[in-house]
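Remember, it's a predicted structure, so these values are computed and weren't measured experimentally.
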Amino acid sequence: DVCQTPTFDRIAGNGILFHHAYVSSPSCTPSRNAILTGQDFWRLGGGANLWSILDTTHQTFPNLLEKAGYFTGHWRKSWGPGDLSNWKQHPAGKRFANPAEFLRQWKNSASDNPFCFWFGASDPHRGYKLNSGRKSGMDLARIKLFDHYPDSPEIRGDVADYYFEVQRFDRELGKFLDQLAELELLDNTIVVVTGDHGMPFPRCKSNLYDSGARVPLAIQWPRVIQKGRVVEDFISTTDLAPTFLQAAGLDPVSAMTGRSLLPIFRNRGSGRIEPAQRDHII
């Protein structure tokens with residue numbers, strides 16, 4: 001409870017909180033390539049590496065949605081880092097200066113087009129401003145450290161500085177959701193909040209432990225998802241691409257290894273923890 005994320009909590013309360021969500025790879029570029037293509041990272045050739053070149057034969061869900069009439073775009077970190085010189089269209093859609101500009105251009109585009117927007121963040125990446133967490137008022141004594149970390153003021157302070165960055169992203173996301181609410185768009189918009197790997201600490205990011213590969217995941221879609229659900233199914237972030245395509249009335253690409261989450265979305269959960277139907281991912 002040291003790290004306050006009211007926006008994430010709001011989305012989870014209005015939809016589903018997934019307890020067991022995992023990335024395909026605990027490193028940024030291959031993880032986001034896997035999310036965009038809906039495929040396990042090791043199928044993506046050079047796209048399985050950091051600072052990679054993604055082959056254009058791999059189709060991404062934003063570009064597929066754009067072909068189907070969606071207005072697509074991204075802000076800040078989406079694909080990469082790497083070399084995209086072989087791509088005519090960015091894998092995550094056109095880059096925008098900020099979310100407000102995306103919404104402005106969407107409203108000025110062809111009428112009634114649906115949209116797909118990747119709200120990216122670089123905040124939790126190092127480096128951090130030293131003691132930013134403590135100076136913001138966090139009680140370092142209340143931070144729960146992983147068991148594999150020595151308990152020291154320096155480590156507690158470093159974790160607090162990381163939490164400070166996480167909270168900033170949560171605030172910015174909240175402002176964007178408020179903009180969507182003002183436009184009366186939230187009822188029929190799928191909102192997904194997750195990460196692409198664990199925190200940038202030893203034994204976390206770039207390591208195949210839960211602390212590196214397990215990520216937060218909350219999804220709301222008020223028109224379809226009953227709110228207040230907690231799901232124990234094991235989920236891969238590769239599941240997002242086929243989910244988005246199927247929700248748009250499109251068939252997932254045959255190369256996608258992820259599974260659509262629409263059956264879970266449509267379940268009428270009790271609001272209590274729902275036992276896993278899928279107890280592992282590959």
Side-chain angles (χ1 to χ4, degrees), residues 1-9 11-12 16-35 40-42 48-52 77 80-81 120-134 136 138-170 173 192-219 230-240 258 261 273 276 278-282:
D1 58 357
V2 176
C3 184
Q4 300 296 314
T5 54
T7 304
F8 182 88
D9 296 345
I11 293 166
I16 302 175
L17 174 65
F18 290 91
H19 275 175
H20 295 286
Y22 290 84
V23 295
S24 180
S25 169
S27 177
C28 54
T29 310
S31 179
R32 285 191 292 274
N33 281 340
I35 293 171
D40 296 315
F41 82 100
W42 48 265
N49 301 317
L50 184 64
W51 288 97
S52 63
K77 200 163 189 179
S122 300
D123 301 82
H125 285 72
R126 294 185 179 273
Y128 309 136
K129 184 176 180 180
L130 185 63
N131 295 324
S132 55
R134 178 178 59 79
S136 73
M138 292 183 190
D139 184 354
L140 272 60
R142 295 171 60 194
I143 291 176
K144 296 179 180 179
L145 296 175
F146 285 120
D147 291 339
H148 52 263
Y149 288 159
D151 192 345
S152 72
E154 291 79 11
I155 291 178
R156 287 182 175 276
D158 199 25
V159 172
D161 296 346
Y162 163 75
Y163 285 167
F164 181 82
E165 304 273 340
V166 171
Q167 290 184 162
R168 180 169 56 203
F169 166 75
D170 191 81
L173 178 59
V192 177
V193 185
T194 189
D196 54 359
H197 49 63
M199 54 199 277
F201 285 72
R203 208 176 184 267
C204 297
K205 178 181 178 180
S206 300
N207 286 270
L208 286 175
Y209 299 103
D210 267 21
S211 49
R214 188 177 179 183
V215 292
L217 176 62
I219 303 177
V230 179
V231 170
E232 292 285 336
D233 284 71
F234 278 59
I235 301 301
S236 170
T237 50
T238 59
D239 297 334
L240 296 175
L261 301 176
I273 295 178
R278 182 180 176 191
D279 60 5
H280 70 282
I281 53 170
I282 298 175

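- The minimum heavy-atom distance linking Gly195 with Val23 is given by the pair O-CG1, 3.8 Å.
- Less than 6.0 angstrom separates the ring centroid of Tyr22 from the ring centroid of Phe234.
- Side chain of Asp151 to backbone of Leu145: no donor-acceptor contact under 3.5 angstrom is found.
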Decide yes or no on side-chain contact (heavy atoms from CB on, under 4.5 Å) for Leu261 and Ile219, but give the supporting numbers first. CA-CA 10 Å; Leu261 301 176; Ile219 303 177; 4.1 Å; yes
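- Annotation: salt bridge (Lys or Arg N to Asp or Glu O under 4.0 Å) contacts of Arg126 (sequence neighbours excluded): Asp158.
- In this pair, His125 and His197 present their aromatic rings perpendicular. The plane angle is above 60°, beyond the 30 to 60° band.
- Counting only distance, with no hydrogens or angles, the side chain of Ser152 and the backbone of Ile155 share a donor-acceptor pair below 3.5 Å.
- For the ring pair (Phe, Tyr, Trp, His ring centres under 6.0 Å) criterion with Phe201, the lone passing option out of Tyr209, Phe146, Tyr162 is Tyr162.
- Annotation: the span from Ser132 atom OG to Arg168 atom CZ amounts to 8.0 Å, rounded to 0.5 Å.
- Smallest separation of non-hydrogen atoms from Val166 and Cys3: CG1-SG, 3.9 Å.
- Two residues are said to be in side-chain contact when any heavy atoms from C-beta on lie closer than 4.5 Å; Trp42 and Ser25 fail this criterion.
- Here the side chain of Thr194 pairs a donor or acceptor atom with the backbone of Pro216 at under 3.5 angstrom.
- The closest donor-acceptor contact from the side chain of Thr29 to the backbone of Gly80 lies under 3.5 Å.
- Taken to the nearest 0.5 Å, the CG atom of Leu50 stands 10.5 Å off from the CG atom of Asn33.
- Atoms CZ and CG, from Arg32 and Asp196 in turn, are 4.5 Å apart once rounded to the nearest 0.5 Å.
- The main-chain N or O of Lys205 is found under 3.5 Å from a side-chain atom of Asn207 such that the two form a donor-acceptor pair.
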Please determine whether side-chain contact (heavy atoms from CB on, under 4.5 Å) holds for the pair Val192 and Leu217, giving the CA-CA distance in whole Å, both sets of side-chain angles, and the decisive distance to 0.1 Å. CA-CA 7 Å; Val192 177; Leu217 176 62; 3.7 Å; yes
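- Nearest heavy-atom pair across Phe169 and Gly120 is CE1-O, 4.4 Å.
- Between the side chain of Arg142 and the backbone N or O of Val2, no donor-acceptor pair lies under 3.5 Å.
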Can you check side-chain contact (heavy atoms from CB on, under 4.5 Å) on Leu173 and Ile11, steps first, answer last? CA-CA 11 Å; Leu173 178 59; Ile11 293 166; 4.2 Å; yes
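- In this structure the side chain of Cys28 reaches within 4.5 angstrom of the side chain of Pro81, judged on heavy atoms.
- For Asp161 and Lys129, the salt-bridge test fails: no basic side-chain N is under 4.0 Å from an acidic carboxylate O.
- Contact record, Pro26 with Gly212: CB-O, 3.3 Å, taken as the closest heavy-atom pair.
- A donor-acceptor pair under 3.5 Å is formed between the side chain of Ser211 and the backbone N or O of Arg203.
- Checking side-chain atoms of Thr237 against main-chain N and O of Ile35 turns up no donor-acceptor pair under 3.5 Å.
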Pair Leu17, Phe8 - check side-chain contact (heavy atoms from CB on, under 4.5 Å), show working. CA-CA 9 Å; Leu17 174 65; Phe8 182 88; 3.9 Å; yes
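- Atom CE of Met138 is separated from atom CG of Asn131 by 12.0 Å, given to the nearest 0.5 angstrom.
- Here the shortest heavy-atom pairing between Ile143 and Ala160 reads CD1-CB, 3.8 Å.
- The backbone N or O of Asp40 lies less than 3.5 Å from no partner atom in the side chain of Ser24, so there is not a single donor-acceptor pair.
- Within the 4.5 Å cutoff, no side-chain heavy atoms of Arg278 are placed close to those of His20.
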